[in-house]
Amino acid sequence: MAKTIYSHFIFLLSISILLFFSETTGGLKRSLSFELIYRYSPRSPIYYSNLTDSQRFEDSLLHFENRFLQLNNSQAMSVGYEITAIRPRIIFYGSLYMVFLTIGTGNGTIGYYLSIDTGSYLTWTQCKPCINCYPQNDPYFDPHQSPSFIDISCSHQNPCPQGNYHCINNRCHYQVGYIDGSYTKGTLSKDTFGFRSSHSDYPEFIEGLVFGCSHDSQLVVPSHGYPSGIISLGLFRESFAMQLINHGSQGRFSYCLPLRGSTSMSFLRFGDDIVQRGPVQTTPIEPSQGVCFYYIILNDISVGTKRLGFEPGMFARKPNGSGGFIVDSGAAVSRLITPAFERVKKVLRAYFRHRNFVEVDPTKYGISLKLCWLFQPHYQSLMPSMTFHLQGAEMSIPWQSLFHIVQQKGIFCFAMLPLETLTILGAYQQTNTRFTFDVLQLQLAFNPENCEHDSQP
């Protein structure tokens, strides 16, 4: 299946490469967008049609639990620990979304499913020769078959980029270790990337993008053949988001996630391909030395009309690197730092008790969430929303994005979980909102949108 897909993509490459050069030569702006492939959708290469929506939801919670254990452990480590060795995510299980793209030109063009990671600094895939590589369903990338491939050289006079790379035998090498024992090692390289856009059936191409060619990769947790690496969107010089500044993105990327269970296409958009409709709010992104995550400032939370009045600093980053509030579409649901979760849990219990809802034990229903209640007639009209009070903005989360409805079991559950070290805005609470990240202005913009229509220009 993968060979059929990328063979078709290569055929389209030969048709459209002249179109690409005529557009760039004439100074016309290109559409920069990737189709977002939800891990549990029929468009995913690892979709299992025999699972129910509830089973997919539970799988997403359990599947990504390991990532949050890594976040907890990595933030508990000392700040002085070598930065390339404590990347706090296991990237292969670090995203709910993938993109399909090609790397290389000529006979070396290969199509890959790469996991999106907003907490990583380098896009990478496995390359030949592979000293020690984990099994993947797509062929390993062969640099010798791609005439546009370039190894980034180095010398005493021409050193590697600072911070994460080392010059060995006149080539820039990288090594990323993960705290569960997984790692990737390889060389810093450049090649042409191709992708399907939202405006055309033909591929778009970007030449000379920096990526990691991994010749030695090890996974502690099996990957089941996908993804073949990651595409990085973190706040770092070599990330995909930062490199596209030189290719028309203006430092901006955006996505709009449809409600869970939707079959609509959605896109990861860049630059002029981003259209923000309706009232747009903005809040600053907090930069942090050596950290790729997108931290924003959360001051307080409201449940319905009740403002909880958290003490200042509850959601702030601590001197040891713990705490803070990150936006992460790779997280299945949001996580509240444990003291805040306990307060919200108490308020929700009082809210539903006052309206005569019956609370039930989630474990008796095979649910991994912490708070569930039985349906009652017209329950939808009684459901509360939640508001995140951000710096300079108010983010409203409607009840449809706040609670997980399990129709066949007659219950609904609060779709957030506790986490010891920080707070995360996850994918479930991001649905039907367009998020636009500006890596130059260090600003996050967001606005309500029907993401079912994201496939429309």
Side-chain angles (χ1 to χ4, degrees), residues 1-10 13 34-41 43-47 63-64 67 87 89-105 107-146 148-149 174-176 178 182-196 203 205-206 209-234 238-240 268 330:
M1 177 66 181
K3 290 184 178 179
T4 301
I5 292 173
Y6 78 74
S7 294
H8 177 63
F9 211 99
I10 294 168
L13 164 65
F34 295 80
E35 181 189 349
L36 279 175
I37 302 170
Y38 179 52
R39 183 181 181 91
Y40 297 95
S41 78
R43 303 181 73 83
S44 169
I46 48 178
Y47 175 73
H63 192 81
F64 294 92
R67 183 250 289 278
R87 292 266 73 86
R89 292 210 261 189
I90 304 305
I91 58 177
F92 308 90
Y93 285 82
S95 179
L96 286 169
Y97 293 89
M98 295 181 284
V99 295
F100 181 79
L101 49 75
T102 64
I103 304 176
T105 55
N107 293 331
T109 307
I110 302 292
Y112 296 107
Y113 289 93
L114 299 184
S115 180
I116 293 172
D117 191 350
T118 55
S120 183
Y121 70 87
L122 183 66
T123 295
W124 65 267
T125 192
Q126 297 188 116
C127 297
K128 293 182 178 179
C130 261
I131 300 169
N132 179 30
C133 288
Y134 64 88
Q136 67 180 44
N137 290 346
D138 298 324
Y140 298 134
F141 179 69
D142 188 347
H144 297 294
Q145 295 297 316
S146 175
S148 52
F149 177 85
Y174 74 91
Q175 177 176 344
V176 182
Y178 300 86
S182 299
Y183 66 84
T184 172
K185 304 176 184 178
T187 55
L188 205 58
S189 312
K190 289 183 180 181
D191 212 331
T192 297
F193 280 61
F195 57 94
R196 295 287 288 273
F205 301 94
I206 304 176
L209 288 181
V210 175
F211 72 105
C213 212
S214 178
H215 300 286
D216 186 357
S217 307
Q218 178 67 45
L219 291 186
V220 171
V221 181
S223 69
H224 306 292
Y226 293 102
S228 302
I230 71 160
I231 181 169
S232 67
L233 294 174
E238 285 79 36
S239 81
F240 205 76
L268 176 64

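What you see below is based on every heavy atom in this structure, not just the backbone, and it leaves out hydrogens, waters and symmetry mates.
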task = Taking all non-hydrogen atoms of both residues into account, name the closest pair between Tyr174 and Thr184 and its distance.
result = OH-OG1, 3.1 Å
ask   = ring pair (Phe, Tyr, Trp, His ring centres under 6.0 Å) between Phe240 and Phe34: does it pass, once the steps are laid out?
value = CA-CA 12 Å; Phe240 205 76; Phe34 295 80; 5.7 Å; yes
ask   = Of all heavy-atom pairs between Ser146 and Thr105, which one has the smallest distance, and what is that distance?
value = OG-N, 3.1 Å
ask   = Can you tell if the side chain of Phe149 reaches within under 4.5 Å of the side chain of Asp142, non-hydrogen atoms only?
value = no
task = Give yes when the SG atoms of Cys133 and Cys130 are nearer than 2.5 Å, otherwise give no.
result = yes
key: Flag, side chain of His215 to backbone of Gly186, donor-acceptor distance under 3.5 Å   = no
query = So, the side chain of Ser115 versus the backbone of Met98: is there a donor-acceptor pair under 3.5 Å, distance only?
reply = no
query = Between Gln126 and Tyr134, is there a donor-acceptor pair closer than 3.5 Å when you use the side chain of the first and the backbone of the second?
reply = yes
task = Before giving the answer on side chain to side chain contact (heavy atoms under 4.5 Å, CB included), spell out for Phe195 and Ile206 the whole-Å C-alpha distance, their side-chain angles and the decisive distance to 0.1 Å.
result = CA-CA 9 Å; Phe195 57 94; Ile206 304 176; 3.8 Å; yes
Closest non-hydrogen atom pair between Ser214 and Trp124, with its separation = CB-CE3, 3.7 Å
query = How long is the gap from OG1 on Thr102 to CD1 on Ile110, to the nearest 0.5 Å?
reply = 9.5 Å
remark   = Residue set satisfying side-chain hydrogen bond (donor to acceptor under 3.5 Å, both in side chains) with Asn132, at least two apart, ordered chain then number -> Tyr183, Gln218
request  = Apply side-chain hydrogen bond (donor to acceptor under 3.5 Å, both in side chains) to Tyr140 and list each qualifying residue two or more places apart in sequence or on a separate chain.
outcome  = none
inquiry  = For the backbone of Ser228 and the side chain of Thr125, can you confirm whether one donor and one acceptor N or O come within less than 3.5 Å of each other?
reply    = yes
Separation of Leu233 CG from Thr123 OG1 (nearest 0.5 Å) = 7.0 Å
query = Among all residues two or more places apart in sequence or in another chain, which pass the ring pair (Phe, Tyr, Trp, His ring centres under 6.0 Å) test with Phe141?
reply = none
ask   = Taking C-beta and beyond as the side chain, do Pro143 and Ser189 meet within less than 4.5 Å on heavy atoms?
value = no
query = Taking all atoms of both residues into account, what is the closest heavy-atom pair of Ile230 and Leu122, and its distance?
reply = CD1-O, 3.3 Å
message = I'd like to know if the side chain of Tyr112 and the backbone of Pro139 have a donor-acceptor N/O pair within less than 3.5 Å.
response = yes
ask   = For Ser239, which residues count as a side chain to side chain contact (heavy atoms under 4.5 Å, CB included) partner, sequence neighbours excluded?
value = Ser232, Ala241, Met242
request  = Quick one: pull up NZ in Lys185 and CD1 in Ile131 and give me the separation to the nearest 0.5 Å.
outcome  = 8.5 Å
